[in-house]
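Each chain gets a letter, A, B and so on, in the order the sequences are listed, and its residues count up from 1. Below, all heavy atoms of this structure are taken into account, side chains as well, without hydrogens, waters or symmetry copies. Here the structure is a predicted model, which is why all the values come from computation and not from measurement.
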Amino acid sequence: MSKNQLGEFEELILTMVAILDSDAYGNKIVKETLDRLDRQVNLSAVHITLYRLEDKGYVKSEMRGATATRGGRRKRYFQITNSGLNLLQSLQEQRKKLWELLPLQLNHTS
Amino acid sequence: MGASATSVKSHLMSIENKSSQPPRWAIKFLIWFCEDYLIEGILGDLLEQFEEDAGKWGSRKARRLFVFRVLRLIHPVTISKRLMRRERSTVGLMASHIKVSFRSMKKYKFYAVVNIAGLALAVAFVFMAYLFIQHERSYDQFHSKKDQTYRVYQYKVDAESSELIDGSINGCTPIPLLETLSNGASGIVNHTRLGSNSATVVKDQVEYDETIAMADEDFFEMFDFPMISGNKHAFKNPNALFISEQKAIKYFGEDNPIGQTLEVILGDSSLYFQVAGIVDNKKSQTSLKFDFLVSFEHLENHLKNITSEQSIHSFKISFIESYVTLDGGSSEDDEALFTKVIGDKMDDRDTKGQLGLQPITSIHFDTQIQGMYPAAGEERLWLLGGLAILVLVVAVINFITLSVGHSTHRLREVGLRRIFGGGGLSLKIQLMIETLLISLVAAIISTVIVLYFVPEFNAFTEISLDYEFIFSQLGFLIALIFGVSVLTGGIQALVLTGFSTSNALKGGSSQLQKKRANNLVIVFQFAVAVLLVFGTMVIHQQMAFIQSKDLGFDKNELIEIGLHNAEEIEEARQMARLLETEFQSKPYVLGASISMNSFKDPWTILGFRQEDQSELKAYFNLIDEDYIETMDIEIVLGSSFNNEETNLSTDIIVNESMVKMMNWDDPIGKQIPGQNFTTRHRVVGVVKDFHFGSLHERIQPLILAVDPGSIKSGITGLSTYVWPPNFYTMTVRLAPGDLVDQVDFLENGWKKIHPDKTFNFSFVDDVLASKYAEELRWKKLADFSSLFALGIAWMGLLGLTRLSVQRRLKEISIRKVLGSTLVGVTRELSRTYVILVLVSCGIMGPLGWWLMQEWLSSFDYRIDLSPLTFLFASGLVFAIATGSVVIQGYRAAMANPVDILRAE
């Protein structure tokens, strides 16, 4: 994906990270997506997307919060960066711009 | 492994204490491939999810989901860079590897060419052998019901001892058999008979000789011959005819034959059929052969016409085939059931007839059970397979030896590379790639060879190989190439990089000069080459012998004409006289005679029961007084039939084998012993043995008679292709000349006497030649294979001799400096080879001899193995080898010693 573009899934995950604020880690994102959007996403896909987003600099991560369930392993929590936020913003504006260009009838029926 | 053992352990241990756990191997796998710093987070998340899943859906599904997730995590972003780091060669480096490979190939052109040629030939050969074997094994595999479809065969056992009677196994069965079986036994889903007969097809007033096959309604249900056009159900119509594609084109050209009428003359009746379909008769893939297929009732009618009503109900005559499709269950049970159902219908006085079931897929190979058409032997396939493997082994050994040997040149390169840090793996990869590249080129060349050769091969050997780019065949080829190159590349790389660096720089340790191993390889090569040449020569000689063997009669310019059936022998004789008079009006008709049996089919066998209940068997032919003369058969004792003193109604003539069998000191006047003889007969003459059967068998005892009444009373057993005793063939001897004219004349003469009957003729030498077509084919195959194998062996020899010479370059130069002459040097080099050749001849001699004797023993008439042949074979190989050595040595000797010794 080149500079200011994002795949649909990537955008989704990025948005979820932003929504969850500092509470975003793999399983949480999966659960949240299911609850809010009624959409079942795959944990591994989420992981991979998160790492890619991190490589691109849109999120950053840190380790904290070990639990017994995880055998004492910590979770990797993700947070959106400024760059990430900016990207989401500009994507949203682009979309709005295009949406307004739709012919009148379609615009009203939604 | 990058992740340290302890952390793997600790990861695993932390899960130990759970009630249900995710699969350990999946975890280990994850730890192995995943980037270290990600593991904790990922594994934690996965475990958390696992707990949840286990709670919701149970642990089995949870484990499954766990594994899925691990697998889905395989992605460049998670894969440990450490893993990637091992691979020194990224894609970019690959290009450099390839370039280097090409350069090294160019530099050592000779080796590259020799290697590639040898490998290409070997692969091509193996591939073709594979195609051939596959083709042979695919006979009748295309029928969907093949596992349930069988051919019924019969055999006889002794009534008392239940021992199988030799030679009684017969793939042909009586006409009424199937009906009896289907009425008396359950389990038969479909059944059909298959018969054939020669007939004349008339189109646009021109007559053609063809063979018509006849079958019952179920034929197309049981066998899946693709219907190119038309409807197989039309077979119910009694006048339906199904035609093969080739014949459809022959008779109808571009037109649509469906619905058209075809006139077929069967025996004396003209039948009119309607073409109901064009069938792909899969000629080269089935043992059920037909070009024209009509309803079986036509064969029954024909038989009723030429013999009698009874013949189609008799259980004692078998010349058609019977097929059944069963509804499952063991065929042994059915065999027993069927035998029971036929009861004693096929029994003789002291033999019981039994039935067996032969799966249709094995008909092609089983030479024991012969039906209407001969089967091929499976041993040949093993032979070919063995040869192919041998060839491959030789080629691989060559390849390895050559590559390893010649890479000593590159040892310096290897050493230098190592010093500059090109690690072990990178170098190994380099060499692997070179090998792979050579193999690839060889593969391409061999594909070209195969593509070119297959049609040649087909034409040459008259076997049609279906060469299509089917995946399975291509896959085999690819696997073959890949396997060979990995093997050789691997070994080569291992050997080379095994040197210590200092050794490498010095230009080769003495290890590689290990003479013994090299000599062993050379001996092996020689031995194989000698065996091949010797074998081919022997096969050649034997075939030539068979084809040119004196048959005991003159087969040239001899025509056999089919006589039409007369009711009585006398009537046939009259007809024949008329024809003879007509024919002999031209001077080039040298003689004519009539007989019962012709060379097209096996001759009649008669049995005469003896006092001790055994049955004396002899072949028989009904002839006229001119037969022996016309055929130019030699009388060795007594007189022929056209002597004035002969009493035709009691005189018979026998052949030398008969005399030998009967142990007659003075055969003249003797009688054939037999319990049932009521009339007297006597032997008046003995003919020299002549081949009326196959050259593969000993000439059997034979009785010739002009009047069948002379011995009729003593006959108790009979096996024959033509019956009743009457004259069916006229044999005419022509003078050498324009055959076309002569045949035309004969045909016109025929038409004068029999204006409404067809003129069927064939040349005796043609008929005989076609019997040995199979032999000829195999001879060609043998030639072909040997050529290939020799080429490969030669490549090997070339390479090896070159290697040896190169290795001894220094030695040669030193010798030269010290005053040795060119001749002297060459002699020195060749000395080793002479010894090696002698050694391999010593080994191959007895082995090859034994092998060839075995093969020859299958022929009753064979050549004597002459040591000369063997000497010639070894001599040839030796000459080729020495030639290569001498040439190499010469070039080496010509080189300036200064250049060579300077490098020290």
Practice prompt. Run the numbers on B:R69 and B:D45 for salt bridge (charged side-chain N to carboxylate O under 4.0 Å, His left out), then give the verdict.
Written response: CA-CA 11 Å; B:R69 291 200 189 92; B:D45 278 5; over 6 Å; no

Practice prompt. Please report the C-alpha distance between A:R39 and A:L12 in whole Å, then the side-chain angles of each, then the deciding distance to 0.1 Å, and finally whether the side chain to side chain contact (heavy atoms under 4.5 Å, CB included) criterion is met.
Written response: CA-CA 11 Å; A:R39 178 172 166 175; A:L12 170 69; 3.9 Å; yes

Item to complete: Mind jotting down which residue pairs meet the ring-ring contact (aromatic ring centres under 6.0 Å, His included) criterion with at least one end in residues 16-47 of chain A? Sequence neighbours excluded, please.
Response: A:Y25-A:Y77, A:H47-A:Y51

Item to complete: Determine the option with the most heavy-atom pairs under 4.5 angstrom with chain A, choosing from B:L65, B:T78, B:V70, B:L38.
Response: B:L38

Discussion item. Please identify, among B:R72, B:Q49, B:E52, the residue contributing the most non-hydrogen atom pairs under 4.5 Å to chain A.
Written reply: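 Top option by heavy-atom pairs under 4.5 Å: B:R72.
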
Discussion item. Need one label for B:L46: side chain, backbone, both or neither, based on atoms under 4.5 Å from any heavy atom in chain A.
Written reply: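 Both parts, backbone and side chain.
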
Discussion item. Taking side-chain contact (heavy atoms from CB on, under 4.5 Å) as the definition, give me every residue that meets it alongside A:Q40, ordered by chain and number, with sequence neighbours left out.
Written reply: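 By the side-chain contact (heavy atoms from CB on, under 4.5 Å) rule, A:Q40 matches A:V30, A:L34.
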
Discussion item. For A:D38, I'd like to know if atom CG has over 12 heavy atoms of other residues, nucleotides or ligands within 6.0 Å.
Written reply: no

Worksheet, complete the sentence: Of A:A45, A:S44, A:G26, A:S61, the largest count of non-hydrogen pairs under 4.5 angstrom with chain B goes to A:S44

Fill in: Part of A:N27 lying under 4.5 Å from any heavy atom of chain B
both

